[in-house]
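Please read the structure below before turning to the comments.
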Amino acid sequence: MSRLVVVSNRIADPRKTAAGGLAVALAEVLNNTGGLWFGWSGRIVDQTEVDDVHVQQAGPVKLAMVDLSKADHDAFYLGYSNGVLWPVFHYRLDLADFDAGYIAGYRRVNQLFARKLLPLLRPDDVIWVHDYHLIPLAAELRALGCQQRIGFFLHIPLPPPLILAAIPGHDWLIRALFAYDLVGFQSEADLDHFARYVESEAHAQRLPDQRWRAFGRTVHAGAFPIGIDVQEFTELANAREAVEMYERTKREYYRRKLLVGVDRLDYSKGLPQRMRAFREFLDKNPDLRSSATLIQIASPSRENVGAYSDLLHELESLCGSINGNFGDLDWMPVRYIHRTVARARLPGLYKASRVALVTPLRDGMNLVAKEFLAAQDEEDPGVLVLSRFAGAAEQLKEALLVNPYDTEGTAAAILLALQMPLEERRERHQSLMRNVRQQDVHWWCERFLAALAEARAEEKGTSWLRL
Ligand SMILES: O=P(O)(O)OC[C@H]1O[C@H](O[C@H]2O[C@H](CO)[C@@H](O)[C@H](O)[C@H]2O)[C@H](O)[C@@H](O)[C@@H]1O
Ligand SMILES: O=c1ccn([C@@H]2O[C@H](COP(=O)(O)OP(=O)(O)O)[C@@H](O)[C@H]2O)c(=O)[nH]1
């Protein structure tokens with residue numbers, strides 16, 4: 001069996017449960033193959049100290065990490081990855097900062113990753129690169145002579161061709177994808193955008209079996225929706241921290257029906273739109289006012305990127321005005337928490353809630369939607385209100401699907417969710433859980449790696465790949 005090499009910007013120690021489902025799923029394959037996980041250490045150091053690779057053993061898995069200088073981190077992570085690619089890939093051209101200096105930092109860090117990874121590779125390794133930070137990595141590796149099989153998975157959406165084409169140098173970026181043997185997306189919609197882009201902008205030829213040929217190379221592409229580790233999450237739900245959280249929340253809110261939202265504080269998550277919909281619901285349903293409370297966890301994220309601090313102020317002001325206008329001495333409609341809540345406690349909060357509001361304006365997948373479902377008591381389950389623009393909506397069709405831009409429509413769905421009879425809640429939850437269980441993170445991992453094993457690198461030439 002070939003050794004698996006995973007490359008991602010962030011690395012999580014796969015032995016720690018707090019690391020999450022992705023780390024657990026990757027840990028399983030990495031453990032079985034004595035694999036290697038390569039990425040950024042999370043440390044910012046002086047330019048003169050950048051050269052070292054820190055290697056650490058985590059059970060049978062080797063973690064290899066590089067540090068970044070402040071200039072590289074700012075241009076690569078804050079600048080190009082999160083100031084250009086993140087907003088554009090989430091359809092937010094208005095928030096993109098096309099500073100010409102960022103791309104050089106993005107290329108520099110991808111070249112650094114390639115240079116540092118190459119000596120650690122073995123001839124029969126299979127390499128799996130994750131996410132938008134590392135799109136040109138395979139091309140950089142190929143330029144250094146790397147012949148191994150390389151797959152890429154994009155965790156965020158891929159927008160339609162004309163949005164993608166607004167990125168200066170978009171052709172360079174997408175051409176770099178042809179250095180991979182397999183490119184995976186979260187949804188059929190993303191795959192369709194890829195096909196349309198490469199056929200119209202790069203004049204790629206569509207071949208049978210989801211293969212596209214351009215720039216003298218053939219790439220396989222497919223939709224591989226990511227799931228959660230249901231067993232790991234169930235164990236987390238039965239552990240002390242989650243049980244305590246459940247009991248405390250139930251005790252504190254025994255007179256209320258709880259709605260819950262758990263998101264990074266990110267403009268893609270539709271938080272102001274969600275608050276406006278909740279305000280509309282309160283406004284239209286005065287009789288239900290004091291019986292519904294929304295707990296919104298907004299976990300701090302990318303605070304050095306301008307668009308994120310604007311969002312923070314907008315959200316704080318909305319929550320303040322809702323509580324000011326609708327609250328009473330014994331009831332606050334919104335409990336807004338601008339802090340990261342430990343993953344171990346979340347199942348307790350989900351289980352204590354009657355409704356989850358997962359209403360992003362765009363989302364690659366959204367794992368919170370699946371975690372909420374997995375944490376429910378199947379005899380008395382809560383209801384998932386889900387944006388039709390989350391990748392998860394392609395799979396979770398029995399949720400209450402909403403358009404988050406439609407304030408009245410979302411407010412109506414909140415009412416429906418709060419009043420849904422037990423029988424219907426059970427039926428919906430049962431069919432949703434069939435999907436969550438079947439298409440879990442192990443299914444995702446196995447399908448991607450099986451497709452990568454089958455994907456034949458049809459050309460070994462590398463000269464054109466010099467980006
Ligand atoms: O590393 P950060 O900048 O702090 O951001 C955290 C992660 O956010 C993104 O998550 C995406 O992947 C999820 C799993 O596939 C998916 O459910 C979600 O819809 C996506 O937004 C990002 O893609 C990761 O690289 C970041 O580490
Ligand atoms: O305060 C928080 C907020 C989120 N999460 C976890 O972070 C992940 C968020 O993943 P999702 O796919 O929903 O969105 P992303 O943040 O990756 O865009 C989920 O596993 C959540 O349980 C957490 O542990 N604590």
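Atoms within each ligand, like the ligands themselves, are counted from 1 in listed order. As the structure is a computational prediction, the values presented were derived from the model and not from experiment. Start at 1 with the first residue, then count along the sequence.
Across all their heavy atoms, Gly227 and Val441 have their closest contact at O-CB, 3.3 Å. For Gly364 against Gln186, the heavy-atom pair with the smallest separation is O-CB, 3.4 Å.
Counting only non-hydrogen atoms, the option in Trp444, Trp86, Phe89 that gets closest to atom 21 (O) of ligand 1 is Trp86. Taking all heavy atoms of Asp266, Asp363, Asn82, Asn366 into account, the minimum distance to atom 17 (O) of ligand 1 is reached by Asn366. The heavy atom nearest to atom 7 (C) of ligand 1, considering only Arg302, Gln186, Met365, is found in Arg302. Looking at His155, Lys269, Arg362, it is His155 that brings a heavy atom closest to atom 14 (C) of ligand 1.
A donor-acceptor pair under 3.5 Å is formed between the side chain of Asn110 and the backbone N or O of His133. At least one donor-acceptor pair closer than 3.5 Å links the side chain of Ser41 to the backbone N or O of Val66. In this structure, Thr293 contributes its side chain and Tyr253 its backbone to no donor-acceptor pair below 3.5 Å. Panel note: side chain Asp190, backbone Leu158; a donor-acceptor pair is recorded below 3.5 Å. In this structure, His170 contributes its side chain and Ala166 its backbone to no donor-acceptor pair below 3.5 Å. In this structure, Asp406 contributes its side chain and Val402 its backbone to no donor-acceptor pair below 3.5 Å.
In terms of polar-atom proximity, defined here as any N/O pair under 3.5 Å, Leu367 does make such a contact with ligand 2. Residue Ile297 has no nitrogen or oxygen atom sitting less than 3.5 Å from a nitrogen or oxygen atom of ligand 2, judged on distance alone. Here's the thing with Ile226: none of its N/O atoms is less than 3.5 angstrom from an N/O atom of ligand 1. Note: an N/O pair closer than 3.5 Å links Arg10 and ligand 1 by distance alone. Between Lys269 and ligand 2, an N or O atom pair is found at a separation short of 3.5 Å.
Of the heavy atoms in Val368, both backbone and side-chain atoms come closer than 4.0 Å to ligand 2. Counting heavy atoms closer than 4.0 Å to ligand 2, residue Asn366 contributes atoms from both its backbone and its side chain. If you look at Asp263 next to ligand 2, there are no close heavy atoms at all, none under 4.0 Å. Contacts between Arg264 and ligand 2, counted as non-hydrogen atom pairs separated by less than 4.0 Å, involve the side chain only. Of the heavy atoms in His338, none comes closer than 4.0 Å to ligand 2. Of all the heavy atoms of Glu371, the ones lying under 4.0 Å from any atom of ligand 2 belong exclusively to the side chain. Counting heavy atoms under 4.0 Å from ligand 1, residue His130 does not touch it at all.
Between Tyr80 and Tyr102, a ring centre-to-centre spacing not shorter than 6.0 Å is recorded.
Residue contact check: Gly364 has heavy atoms under 4.0 Å from atoms 19 (O) of ligand 1. Residue Val262 approaches ligand 2 through these ligand atoms, each under 4.0 Å from one of its heavy atoms: 3 (C), 4 (C). Numbered from 1 in the order shown, with element, the atoms of ligand 2 that lie under 4.0 Å from a heavy atom of Ser299 read 1 (O), 3 (C). Ligand-side atoms of ligand 2 in range of Leu346: 5 (N), 22 (O), 23 (C), 24 (O), 25 (N), range being under 4.0 angstrom from any heavy atom. Residue contact check: Ile156 has heavy atoms under 4.0 Å from atoms 23 (O) of ligand 1. Residue-ligand proximity, Leu367 to ligand 1, at heavy-atom distances under 4.0 Å covers atoms 14 (C), 17 (O). Near His133, meaning under 4.0 Å from one of its heavy atoms, ligand 1 places the atoms 25 (O).
Of the listed residues (Ile156, Leu191, Asp192), just one forms a side-chain contact (heavy atoms from CB on, under 4.5 Å) with Phe185, and that residue is Leu191. Checked against Val385 for a side-chain contact (heavy atoms from CB on, under 4.5 Å), the options Leu401, Val355, Leu259 give a single hit: Val355. Test Leu271, Val358, Leu361 against Pro404 for side-chain contact (heavy atoms from CB on, under 4.5 Å) and you get one pass: Leu361.
Looking from atom 10 (O) of ligand 1 to the surrounding protein, the closest heavy atom is Arg264 NH2, 4.6 Å. From the protein, the heavy atom lying nearest to atom 24 (C) of ligand 1 is Asp131 OD2, 3.3 Å. With hydrogens left out, the protein atom closest to atom 3 (O) of ligand 1 is Tyr77 OH, 2.5 Å, a heavy atom.
Around the CD atom of Gln231, the shell of radius 6.0 Å holds no more than 12 heavy atoms that belong to other residues, nucleotides or ligands.
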Could you check Asp181 against Arg149 for salt bridge (charged side-chain N to carboxylate O under 4.0 Å, His left out), going step by step and ending with a plain yes or no? CA-CA 6 Å; Asp181 297 298; Arg149 205 162 288 208; 5.3 Å; no
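Between the side chains of Arg10 and Tyr77, at least one donor N or O lies within less than 3.5 Å of an accepting N or O.
Taking the ring centre of Tyr308 as origin, the terminal cationic atom of Arg302 falls outside the region bounded by 6.0 Å and 45° from the ring axis.
Within the 4.0 Å heavy-atom shell around ligand 2 one does not find His155.
In this structure, atom 5 (O) of ligand 1 has protein heavy atoms in its sub-4.0 angstrom surroundings.
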